[in-house]
Amino acid sequence: TDPGLVRHVLTNFISNAVDAMPGGGTLTVRAGRAGAQLALAVGDTGAGIGAEERRHIFEPFYSTKPPGRGTGLGLAICREIAVALKGRIEVESEPGRGSTFTFLVPAPAWRAAG
């Protein structure tokens with residue numbers, strides 16, 4: 001797994017989470033294993049995303065941000081990175097309750113030092 005690509009996805013998730021909470025809130029970042037996958041999750045207590053919007057958020061040039069605040073390419077690129085790394089992105093969101101974006105990729109094989 002390319003650390004630069006993983007960093008790109010996490011940076012995008014965090015930036016989106018901060019933008020979703022213009023009046024402040026709580027940002028949560030978690031990392032762990034989900035079976036044979038590494039799970040990296042970013043959650044916020046922002047406005048949340050409705051079901052209709054969730055159907056489109058990974059489409060190029062689709063944005064829920066005000067004009068001039070985003071290109072609508074961030075999540076589309078993140079999805080392509082996930083596919084390239086043989087992973088996926090899961091989204092949990094409810095209007096008024098925030099969102100959590102989870103990036104799942106095959107866990108790297110760890111080797112013991114020595």
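Throughout, numbering of the chain's residues begins at 1 and tracks the sequence.
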Item to check | Donor-acceptor pair, side chain of Thr26 and main chain of Thr45, under 3.5 angstrom | outcome: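 Judged by distance alone, no pair lies under 3.5 Å.
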Checklist entry - Do the side chain of Arg54 and the main chain of Ser93 share a donor and acceptor less than 3.5 angstrom apart? => result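 Confirmed, Arg54 side chain pairs with Ser93 backbone.
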Checklist entry - Does Val83 belong to the same Ile/Leu/Val/Met/Phe/Trp/Tyr cluster as Leu73, with side-chain heavy atoms less than 4.5 Å apart forming each link? => result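 Unlinked, Val83 and Leu73 end up in two clusters.
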[atom2] on [Y] to [atom1] on [X], rounded to 0.5 Å:
X	Y	atom1	atom2	answer
Glu90	Leu104	CD	CG	5.0 Å
Asp44	Thr28	CG	OG1	8.5 Å
Glu53	Ser63	CD	OG	9.5 Å

Next on the checklist: Less than 4.5 Å apart, side chain to side chain, heavy atoms only: is that true for Leu85 and Leu5?
Outcome noted: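 Yes, side chains in contact.
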Item to check | Candidates Ile49, Asn16, Ile89 - the one meeting side-chain contact (heavy atoms from CB on, under 4.5 Å) with Ile57 | outcome: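 Going through the options one by one, the only one that passes is Ile49.
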Checklist entry - Which residue pairs pass the ring-ring contact (aromatic ring centres under 6.0 Å, His included) test with at least one member in residues 7-28, sequence neighbours excluded? => result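 Only Phe13-Phe101 qualify under ring-ring contact (aromatic ring centres under 6.0 Å, His included).
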Checklist entry - Can you name the residues that form a salt bridge (Lys or Arg N to Asp or Glu O under 4.0 Å) with Arg30, not counting sequence neighbours? => result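 Scan of Arg30 (salt bridge (Lys or Arg N to Asp or Glu O under 4.0 Å), adjacent residues dropped) gives none.
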Checklist entry - Where is the tightest heavy-atom contact between Cys78 and Val9, given as atom of each residue plus distance? => result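 Reported closest heavy-atom pair: SG-CA, 3.8 Å.
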Item to check | Smallest separation among heavy atoms of Gly48 and Ser99, with atom names | outcome: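 Shortest heavy-atom contact: CA-OG, 3.7 Å.
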Please tabulate, for the side chains in residues 35-42, all donor-acceptor contacts under 3.5 angstrom to protein atoms that are two or more places apart in sequence or on a different chain.
from  : atom 1 : to    : atom 2 : distance (Å)
Gln37 : OE1    : Arg88 : NH1    : 3.0

